[in-house]
Amino acid sequence: MSTQAPKRYSPLWVTLHWVIALLIFAAFYLGISTEGIPLVEKVGYLRWHMPLGFTVLALMLVRLFVRWRTPHPEAATVGNALLDKIGEWTHYLLYIFAILMPLTGLVLSATFNLAPVVFGGQGSLPRELSPMLHGLIDPLLALLILLHILAALYHQFIRKDNLLARMWYGK
Ligand code: HEM
Ligand code: HEM
């Protein structure tokens with residue numbers, strides 16, 4: 001079965017990987033920008049942050065489906081069983097946290113009934129608004145992404161195995 005594994009990710013998968021990565025970075029930027037600013041100014045950021053974050057959730061579910069239904073390359077190796085396991089688990093955790101992040105955002109929005117304020121211009125944000133679980137998940141996802149980027153750079157520039165090419169278009 002392993003001999004049938006493709007050498008690289010499919011174009012659909014590659015597109016999903018990079019579009020989602022860009023959206024997550026943008027969601028982080030907009031989310032962090034809301035920290036410590038007056039509630040009236042927060043609305044402007046949340047008007048973009050919330051739909052953008054929701055798009056991440058929708059695309060992550062598509063990606064999960066693609067992962068489940070289509071063949072993908074064998075897990076990359078650095079020649080060390082423990083590091084390979086960490087790499088594999090980082091990928092699983094990235095899926096879990098990139099889904100939990102927008103999910104907890106939705107819970108946050110529902111708890112404080114934010115949609116009418118943010119999208120309907122009705123009333124103002126509640127004074128007691130706090131990021132709750134959303135704010136706890138955020139540093140964990142950031143840490144995983146950092147680890148993931150460092151691993152990609154390690155493959156590319158230290159092991160020089162050109163792993164990035166697997167997550168790009170080509171034959
Ligand atoms: C990948 C998706 C997302 C990322 C990376 C993300 C990231 C963040 C970050 C870093 C913050 C600042 C947290 C803090 O103050 O400690 C934040 C705040 C917030 N996010 Fe998200 N978020 C995402 C999706 C969503 C979604 C889907 C919603 C709702 C539909 C949402 C609603 C909010 C709200 C309301 C705040 C402000 C909380 C406050 O000011 O107390 N987020 N987000
Ligand atoms: C928000 C950002 C990101 C997330 C959530 C993410 C998530 C993932 C996941 C889960 C995989 C495993 C393949 C899959 O199941 O889809 C993967 C593969 C990959 N990612 Fe990322 N990624 C992000 C950003 C980046 C960045 C910035 C780089 C480049 C520095 C990168 C480089 C790669 C590479 C090279 C692979 C292929 C690894 C292999 O072939 O085993 N990723 N990414």
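In listed order, ligands and their atoms are each counted from 1. Quick note: residue numbers are just sequence positions, from 1.
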If you have a sec, work out which protein heavy atom is nearest [atom] and how many Å separate them, to one decimal?
atom                    : answer
atom 35 (C) of ligand 1 : Leu114 CD1, 3.3 Å
atom 15 (O) of ligand 2 : Tyr95 OH, 2.9 Å
atom 40 (O) of ligand 1 : Lys42 NZ, 2.5 Å
atom 17 (C) of ligand 2 : His148 CE1, 3.4 Å
atom 5 (C) of ligand 1  : Met101 CG, 3.6 Å
atom 14 (C) of ligand 1 : Glu35 OE2, 3.5 Å
atom 13 (C) of ligand 1 : Asp138 OD2, 3.6 Å
atom 8 (C) of ligand 1  : His49 CE1, 3.4 Å
atom 1 (C) of ligand 1  : Val56 CG1, 3.7 Å

Atoms in ligand 1 with a heavy atom of [X] nearer than 4.0 Å:
X     : result
Gly53 : 2 (C), 24 (C), 27 (C)
Gly31 : 8 (C), 9 (C), 11 (C), 12 (C), 17 (C), 43 (N)
Phe28 : 5 (C), 10 (C)

Could you tell me, atom by atom, which parts of ligand 2 come under 4.0 Å of a heavy atom of [X]?
X      : value
Arg63  : 7 (C), 8 (C), 9 (C), 10 (C), 11 (C), 14 (C), 16 (O), 43 (N)
Arg166 : 39 (C), 40 (O), 41 (O)
Ala76  : 41 (O)

Self-check item: Distance under 6.0 Å and angle within 45° of ring axis: Arg47 vs Phe119
Solution: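 No, Arg47 does not lie over the aromatic ring of Phe119.
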
Self-check item: Shortest-distance N, O or S atom of His134 relative to atom 21 (Fe) of ligand 1
Solution: NE2

Which is it for [X] and ligand 2 at heavy atoms under 4.0 Å: side chain, backbone, both or neither?
X      : value
His155 : neither
Trp168 : neither
Ile145 : side chain
Ala21  : both

Select one of side chain, backbone, both or neither to describe which atoms of [X] lie under 4.0 Å from any atom of ligand 1, heavy atoms only.
X      : value
Pro131 : both
Met50  : both
Leu30  : neither
Leu46  : side chain
Leu23  : neither

Quiz item: Would you call Tyr92 a ligand 2 contact, heavy-atom distance under 4.0 Å?
Solution: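 False for this residue.
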
Quiz item: Which of the listed options, His72, Arg67, Met167, Glu74, holds the heavy atom that is closest to atom 18 (C) of ligand 2?
Solution: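 It is Met167 whose heavy atom sits nearest to atom 18 (C) of ligand 2.
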
Quiz item: Between the candidates Leu136, Leu108, Ile20, which shows the shortest non-hydrogen contact distance to atom 38 (C) of ligand 1?
Solution: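 Checking each option, the heavy atom nearest atom 38 (C) of ligand 1 is found in Leu108.
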
Quiz item: Between Ser109 and ligand 1, is there a nitrogen or oxygen pair with a distance under 3.5 Å?
Solution: no

